[in-house]
Amino acid sequence: MARNSFLKLPSLTNSSPFANLLDTCIKSKLPPDNVRAVHASIIKSPFSNEVFIHNRLIDAYAKRGSLPDARKVFDEMPHRNVYTWNALVTALTKLGLLDEAESLFRSMPERDQCSWSSMVSGFAQRDRCEEALRYLGLMHKGGFLLNEYACASGLSACSSLIDVKRGVQMHCLIAKSPGLLSDVHIGSALVDMYSKCGHVDDAKKVFDEMGGGCRNVVTWNSLITCYEQNGPVEEALDVFRLMLRSGFDPDEVTLASVVSACASLSAVKVGREVHGRVAKDIHSLLDILIAEMRHEQGDAETGSLSSEEMDYSSGLLYDNAL
């Protein structure tokens, strides 16, 4: 970062240039020393006590891997607002320091939607699912609007606990919140929750209600995996074909589920075609899955496909799938 960037500090009318530099540090994944260089210039500027730019400093230090610096900025601030507290709470939850985050959260003089969402998502991501749902319940009870981050994290917690009762309660809350049902992440999380809980019809209903424009690869994967794990397994391949027709490219998760479905159905030919489709990208992963499939067919000695088979099957996949 050029040192002459800050030669005309007295001429600055606001702290936006510093905020932009901190954003560059984050987006370019620069080392913490670059954040410290910006920080040093802020100290010499007319904005050395501005709350806004110090909040950005906390965020930048945390995201560039220097939590001690972020904490020091927080501790030394003479004035703080809710965004200051949120910046540090969010940093702690993302690093998995949940007990420290919880202690800081309880010390907050005021909380907002972001404060609560950080706690819900932080605990859900670390598989402390009961605590995540407890925070979600307190957030709702406190009158805070449940946003997409809190809802997706809550649904993830329900999925991990295989708790369809609370999952349905969440679905009802989401249905009452404008715009959430049309959010692709919420829709995908609902499909996944019902799938993990074994409620295939409900997963399919949510998927159908989303419509083509509100789905992504994760949504398709959730339904394919739902059928592959819960049955009827044939439906997994039908959804896969529909996914291709709809213009979505499968990823590793898609293909792992499809090959597993092929193994269950003894569909060796389709399995070979899928393998050929992605041989160059995830050859090793699918070799393992194909070997497992062929083992079930009594063909373990030819667990890997030859290059000729791969070339042949690569050309067949779309013709046969479509």
Side-chain angles (χ1 to χ4, degrees), residues 89-102 105 113-142 144-177 180-181 183-207 209-210 214-231 233 236 239 251-258 260-261 285:
V89 167
T90 300
L92 292 169
T93 57
K94 287 185 176 180
L95 290 170
L97 302 172
L98 300 182
D99 294 333
E100 191 175 343
E102 191 166 42
F105 178 83
Q113 183 190 56
C114 179
S115 318
W116 288 99
S117 294
S118 292
M119 297 302 288
V120 176
S121 62
F123 278 95
Q125 287 169 6
R126 300 288 170 166
D127 290 327
R128 291 173 63 171
C129 299
E130 287 291 353
E131 290 157 289
L133 292 175
R134 178 172 63 84
Y135 273 107
L136 187 71
L138 291 171
M139 179 182 181
H140 179 60
K141 187 177 180 181
F144 292 93
L145 183 66
L146 300 180
N147 59 17
E148 62 271 25
Y149 304 108
C151 288
S153 297
L155 289 169
S156 174
C158 292
S159 297
S160 297
L161 294 169
I162 315 179
D163 190 338
V164 73
K165 181 178 179 181
R166 281 187 282 187
V168 169
Q169 290 173 349
M170 281 211 61
H171 193 173
C172 292
L173 287 175
I174 290 166
K176 297 175 183 177
S177 302
L180 281 182
L181 273 179
D183 184 273
V184 64
H185 304 292
I186 295 297
S188 299
L190 278 168
V191 174
D192 182 67
M193 183 275 295
Y194 282 122
S195 170
K196 296 279 177 58
C197 295
H199 286 237
V200 177
D201 290 341
D202 290 317
K204 181 63 163 57
K205 183 179 179 182
V206 172
F207 180 89
E209 290 174 350
M210 289 177 71
C214 295
R215 299 173 187 149
N216 61 12
V217 174
V218 175
T219 320
W220 287 96
N221 287 348
S222 296
L223 190 61
I224 290 170
T225 302
C226 175
Y227 284 120
E228 183 266 316
Q229 293 181 349
N230 297 293
V233 180
V239 175
D251 63 9
E252 292 93 334
V253 177
T254 320
L255 295 157
S257 295
V258 170
S260 181
L285 169 65

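Throughout, numbering of the chain's residues begins at 1 and tracks the sequence.
Under the rule for a salt bridge (Lys or Arg N to Asp or Glu O under 4.0 Å), Arg126 has no partner lying at least two apart in sequence or in another chain. Looking at residues two or more places apart in sequence or on another chain, you find a side-chain contact (heavy atoms from CB on, under 4.5 Å) between Ala236 and Ile224, Tyr227, Glu228, Ala261. Scanning for side chain to side chain donor-acceptor pair (under 3.5 Å) contacts around Asn230 gives an empty result, with sequence neighbours left out. When the ring-ring contact (aromatic ring centres under 6.0 Å, His included) test is applied to His171, the partners found at least two apart in sequence or on another chain are Tyr194. Under the side chain to side chain donor-acceptor pair (under 3.5 Å) criterion, Asp201 pairs with no residue at all, not counting sequence neighbours. Applying the side chain to side chain donor-acceptor pair (under 3.5 Å) rule to Ser117 yields the partners Asn147; only residues at least two apart in sequence or on another chain are considered. For Leu97, the side-chain contact (heavy atoms from CB on, under 4.5 Å) partners two or more places apart in sequence, or in a different chain, are Leu67, Leu92, Leu95, Glu100. Evaluation of the side chain to side chain donor-acceptor pair (under 3.5 Å) rule for His140 yields no partner, not counting sequence neighbours. Contacts of Gln169 classified as side-chain contact (heavy atoms from CB on, under 4.5 Å), with partners at least two apart in sequence or in another chain: Lys165, Arg166.
In this structure, the side chains of Leu146 and Ile174 stay at 4.5 Å or more apart for every pair of heavy atoms. Contact annotation: the side chain of Ser115 approaches that of Phe105 to within less than 4.5 Å [non-hydrogen atoms, C-beta and beyond]. Between Asp202 and Val206 the shortest side-chain heavy-atom distance does not fall below 4.5 Å. Between Met119 and Leu136, the closest side-chain pair of non-hydrogen atoms is not below 4.5 Å. At a threshold of 4.5 Å between non-hydrogen side-chain atoms, the residues Met139 and Gln113 count as touching.
For the atom pair Asp163 CG and Leu133 CG, the distance stands at 7.0 Å (nearest 0.5 Å). Note that CE of Met193 and CE of Met170 are 8.5 Å apart. Values are rounded to the nearest 0.5 Å. Going from atom SG of Cys197 over to atom CG of Asp192 covers 9.0 Å, rounded to the nearest 0.5 Å. With values rounded to the nearest 0.5 angstrom, Cys226 atom SG is found 10.5 Å from His199 atom NE2.
Using a 4.0 Å cut-off between a side-chain N of Lys or Arg and a carboxylate O of Asp or Glu, Glu131 and Arg134 do not qualify as a salt bridge.
Judged purely by distance below 3.5 Å, without hydrogens or angles, the side chains of Ser188 and Ser222 never pair a donor atom with an acceptor atom. When only modelled atom types and interatomic distance are considered, Glu102 and Tyr135 share a side-chain donor-acceptor pair under 3.5 Å.
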Mind listing the side-chain donor-acceptor pairs of residues 148-160 below 3.5 Å, one per line with the distance, residues two or more places apart or on another chain?
unit_1 : atom_1 : unit_2 : atom_2 : d
Ser153 : OG     : Tyr149 : O      : 2.9
Ser159 : OG     : Leu155 : O      : 3.0
Ser160 : OG     : Ser156 : O      : 3.2

Walk me through it: do Trp220 and Val239 pass the test side chain to side chain contact (heavy atoms under 4.5 Å, CB included)? CA-CA 8 Å; Trp220 287 96; Val239 175; 3.7 Å; yes
Start with the C-alpha distance between Thr93 and Ser118, add both sets of side-chain angles, then the distance that settles side chain to side chain donor-acceptor pair (under 3.5 Å), and finish with yes or no. CA-CA 7 Å; Thr93 57; Ser118 292; 5.0 Å; no
CA sep, side-chain torsions, deciding dist, call: Ser195, Val200, side chain to side chain contact (heavy atoms under 4.5 Å, CB included): CA-CA 6 Å; Ser195 170; Val200 177; over 6 Å; no
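More than 12 heavy atoms of other residues, nucleotides or ligands lie within 6.0 Å of CG in Leu138, so this atom counts as buried by the packing criterion.
Not a single donor-acceptor pair under 3.5 Å links the side chain of Arg215 to the backbone N or O of Met210.
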